[in-house]
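Report on the following structure.
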Amino acid sequence: MIGRVAVVGAGISGLAAAYELQSAGIEAVVLEAGDQPGGKIDSAPVGGLTVDSGPDGFVARDPAAAELCRRLGLGAELVEPAASGAYVWVDGRLCPLPARSVLGAVWTADAVAGTGVVSEQAVDALARGLARDADPLLGDASVGEVLRPRLGDEVFERLVDPLLGGINAGSADEMSIEACAPPLYEAAQMGGPLGPALQRVASAQGRDGSREAMGPVFQSVRGGVTRIVDALAAELGEAVQLATPVESVKPQAARGAGRRWRVTTPNGPLEADGVILTCPAWESARLLEPLAPDAAAILGDIEYADVALATFVVRDEHLAQPLDGSGFLVPRSQGLLTTACSWTSSKWRHYAHEGLAVLRVSAGRTDDRRWMDLDSAELISTLAAELADTGVVSVQDATRGRFEVRVTPWLRSLPQYRPGHLERAAAVDACLADGTPGLVAAGAAFRGVGLPACTRGAQEAAGAVTRAVLC
């Protein structure tokens with residue numbers, strides 16, 4: 001092999017970067033502080049089943065994750081959701097989410113009229129807002145700043161914010177529209193009335209019903225997405241060093257046109273021709289502070305959300321209604337601890353077991369940390385009661401705790417992209433390229449928290465380091 005690269009972090013970004021390096025004939029050594037690879041991609045036993053306790057799928061429109069699966073021999077194992085349609089919990093009942101929207105933003109008022117999701121006054125305000133002319137969006141802004149005036153507060157708070165907030169565990173009023181909602185950003189850049197712009201974006205994606213859909217919106221791997229981690233770890237073998245936290249990264253004497261690096265760990269130093277940091281932003285900031293303080297300052301300012309995921313395995317006789325969809329969202333105005341509930345056994349066939357239902361209930365936003373004040377038993381009882389309140393399980397069975405439950409807390413798990421985020425990410429890249437050639441940073445803190453974005457970012461980081469190593 002040609003050269004050696006140290007990859008800091010064994011989440012999906014680190015593993016994918018190392019796999020890319022290995023495929024290019026470069027030795028990769030993955031240094032992971034924890035005792036297992038995968039980062040936020042994990043699974044756990046509950047009720048006799050093994051269920052994803054992190055992400056359980058990925059967006060299909062970006063092919064990076066699916067392509068990685070095919071390279072790993074998992075192409076035949078790719079699956080799409082078995083259930084279509086979802087709900088939103090408003091005013092004491094589950095209402096169907098509009099089938100035709102762009103991240104919750106509908107392009108006609110008829111899409112929500114009579115659904116119970118919003119009031120008649122909100123429908124009228126939506127119709128006026130969608131038809132209102134506007135200048136093209138120049139530069140970045142928050143999702144709320146762009147969409148509230150065009151959709152109205154009620155539509156925004158009951159559709160757009162729950163969906164984007166569910167993905168990012170934050171507030172759409174504070175999220176970068178460019179980084180967090182690229183399709184909405186594209187529509188806003190068109191200018192003119194928002195309704196036709198949204199429909200054009202949806203049509204380009206094959207999601208407006210005017211022609212046959214271009215494929216599934218989401219994908220997963222039969223048996224759970226942890227199989228991707230397992231396959232990557234198997235390919236990398238002993239290159240993945242667990243329980244090996246990185247203490248520092250220091251430049252050494254130049255070698256030819258490149259630079260050597262010394263990566264120190266409690267197990268001893270590692271000499272490398274290149275370094276890829278794929279750890280959380282605050283950890284990358286710590287390692288970069290002596291080397292690139294400007295980049296470290298940008299990364300250190302990124303806020304993270306704390307969330308919890310409770311997986312319920314429920315016998316069918318304890319359900320209060322058929323699970324005829326993928327789940328439901330909960331707007332923050334409804335006051336529940338639950339932010340979303342995935343009907344996982346309806347959504348993915350590999351979790352469909354006769355007589356059992358699997359429900360994954362999420363709690364926590366950047367502005368709602370109530371779950372952190374509860375112990376595990378209190379959190380489970382509260383979420384079980386809310387499953388009963390929303391009509392998913394019977395009240396009697398929720399009260400008696402007749403479910404198998406596992407809680408997975410994810411502290412500082414989801415980076416928040418504020419307006420201008422992509423510009424700041426580019427500034428980090430430029431700073432490192434200029435001041436620390438051969439050292440790059442990647443991961444969920446940069447250009448997307450999902451598996452495809454992290455995979456693509458890891459591959460680009462591996463390419464940049466490969467060019468430096470082969471100079």
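Below, all heavy atoms of this structure are taken into account, side chains as well, without hydrogens, waters or symmetry copies. The residues of the chain are indexed from 1 along the displayed sequence.
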Report, one line per pair, each donor and acceptor closer than 3.5 Å where one atom sits in a side chain of residues 30-41; sequence neighbours left out.
from	atom 1	to	atom 2	distance (Å)
Glu32	OE1	Ala10	N	2.7
Glu32	OE2	Gly34	N	2.8
Gln36	NE2	Asp42	OD1	3.2
Gln36	NE2	Asp42	OD2	3.3
Lys40	NZ	Ser413	O	3.4

Can you give the donor-acceptor pairs under 3.5 Å from side chains of residues 425-438 to other protein atoms, not counting sequence neighbours?
from	atom 1	to	atom 2	distance (Å)
Asp429	OD2	Arg447	NH1	3.1
Asp429	OD2	Arg447	NH2	2.6
Thr436	OG1	Leu432	O	3.0

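Counting only heavy atoms from C-beta outward, the side chains of Pro98 and Leu159 approach each other to under 4.5 Å. Using a 4.5 Å heavy-atom cutoff, the side chains of Tyr19 and Leu72 are in contact. Using a 4.5 Å heavy-atom cutoff, the side chains of Val465 and Asp273 are not in contact. Using a 4.5 Å cut-off on side-chain heavy atoms (C-beta onward), Leu151 and Leu130 make contact. Using a 4.5 Å heavy-atom cutoff, the side chains of Ile302 and Trp282 are not in contact. You'll find the side chain of Leu439 reaches within 4.5 Å of the side chain of Leu291, heavy atoms only. With a 4.5 Å cut-off on side-chain heavy atoms, Cys279 and Arg286 do not count as touching. The shortest distance between side-chain heavy atoms of Arg418 and Arg424 falls below 4.5 Å.
Figure legend: Arg100 and Trp107 shown without cation-pi pairing, the cationic atom not lying both under 6.0 angstrom from the six-membered ring centre and within 45 degrees of its axis.
Going from atom CZ of Phe312 over to atom OG of Ser342 covers 13.0 Å, rounded to the nearest 0.5 Å. Put simply, CG on Leu147 and CG on Leu194 are 6.5 Å apart, with the number rounded to the nearest 0.5 Å. Expressed to the nearest 0.5 Å, how far CD of Gln22 lies from CD of Glu20 amounts to 10.5 Å. The distance from atom NZ of Lys250 to atom CG of Leu287, rounded to the nearest 0.5 Å, is 11.5 Å. Rounded to the nearest 0.5 angstrom, Leu137 CG and Ile177 CD1 are separated by 6.5 Å. Taken to the nearest 0.5 Å, the OG atom of Ser176 stands 10.0 Å off from the CG atom of Asn168.
Ser346 places a side-chain N or O within donor-acceptor distance of the main-chain N or O of Leu323, the cut-off being under 3.5 Å. With Thr265 contributing its side chain and Val246 its backbone, the two residues share no donor-acceptor pair below 3.5 Å. Looking only at distances, no side-chain donor or acceptor of Glu271 sits under 3.5 Å from a matching main-chain atom of Pro269. Within the 3.5 Å criterion, the main-chain N or O of Ala83 finds no donor-acceptor partner in the side chain of Ser326. Although no hydrogens or angles enter the test, the distance criterion places no donor-acceptor pair under 3.5 Å between the side chain of Ser203 and the main chain of Val201.
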Query raised in the report: Passes side chain to side chain contact (heavy atoms under 4.5 Å, CB included), Leu277 versus Glu283? Steps please.
Result: CA-CA 9 Å; Leu277 304 179; Glu283 184 65 11; over 6 Å; no
**Report entry** Full working for side chain to side chain contact (heavy atoms under 4.5 Å, CB included) between Thr226 and Thr50
**Finding:** CA-CA 10 Å; Thr226 52; Thr50 299; over 6 Å; no
Report task. Mind running salt bridge (charged side-chain N to carboxylate O under 4.0 Å, His left out) on Arg227 and Glu77 for me, showing each step along the way? Result -> CA-CA 10 Å; Arg227 292 188 62 195; Glu77 303 298 292; 2.9 Å; yes
Requested in this report: Report the C-alpha separation of Ile26 and Arg4 in whole Å, then their side-chain angles, then the decisive distance to 0.1 Å, and conclude whether the side chain to side chain contact (heavy atoms under 4.5 Å, CB included) test is met.
Outcome: CA-CA 6 Å; Ile26 296 174; Arg4 173 193 288 166; 6.0 Å; no
Query raised in the report: Can Val5 and Val29 be said to form a side chain to side chain contact (heavy atoms under 4.5 Å, CB included), step by step?
Result: CA-CA 6 Å; Val5 174; Val29 180; over 6 Å; no
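Counting non-hydrogen atoms of neighbouring residues, nucleotides and ligands closer than 6.0 angstrom, the CZ atom of Arg222 exceeds 12 such neighbours. Other residues, nucleotides and ligands contribute only 12 or fewer heavy atoms inside 6.0 Å of the CD atom of Glu404. Enclosure of atom CG in Asp135 is not indicated, since only 12 or fewer non-hydrogen atoms of other residues, nucleotides or ligands lie within 6.0 angstrom. Within a 6.0 Å sphere centred on CD of Gln189, other residues, nucleotides and ligands contribute more than 12 heavy atoms. Within 6.0 Å of the CZ atom in Arg370, the count of heavy atoms belonging to other residues, nucleotides or ligands exceeds 12.
Closest approach of Ala179 and Tyr417 over heavy atoms only: CB-CD1, 3.6 Å. For the pair Val143 and Ala181, the tightest heavy-atom approach, listed with the atom from each and the gap, is CG2-CB, 4.5 Å. Pairing each heavy atom of Ala464 with each of Val440, the nearest pair is CB-CG1, 4.2 Å. The shortest heavy-atom contact between Ala352 and Ser345 is CB-O, 3.6 Å. Pairing each heavy atom of Cys341 with each of Leu359, the nearest pair is SG-CB, 4.3 Å. For the pair Val225 and Asp52, the tightest heavy-atom approach, listed with the atom from each and the gap, is N-OD2, 3.2 Å.
In this structure, Thr108 has no side-chain hydrogen bond (donor to acceptor under 3.5 Å, both in side chains) partners at least two apart in sequence or on a different chain.
Between Trp343 and Phe328, the ring-plane angle classifies as perpendicular under the 30° and 60° cut-offs.
The side-chain contact (heavy atoms from CB on, under 4.5 Å) test with Pro331 singles out one residue from Val88, Asp161, Leu163, and that residue is Val88. The residue from Ile228, Leu68, Asp62, Val59 that alone fulfils the side-chain contact (heavy atoms from CB on, under 4.5 Å) condition with Leu451 is Ile228. For the salt bridge (Lys or Arg N to Asp or Glu O under 4.0 Å) with Arg332, the lone residue among Asp367, Asp173, Asp368 that qualifies is Asp367.
Asp306 and Trp410 form no side-chain donor-acceptor contact under 3.5 Å, judged by distance and modelled atom types alone. For Thr264 and Ser248, the side-chain atoms include at least one donor-acceptor pair closer than 3.5 Å.
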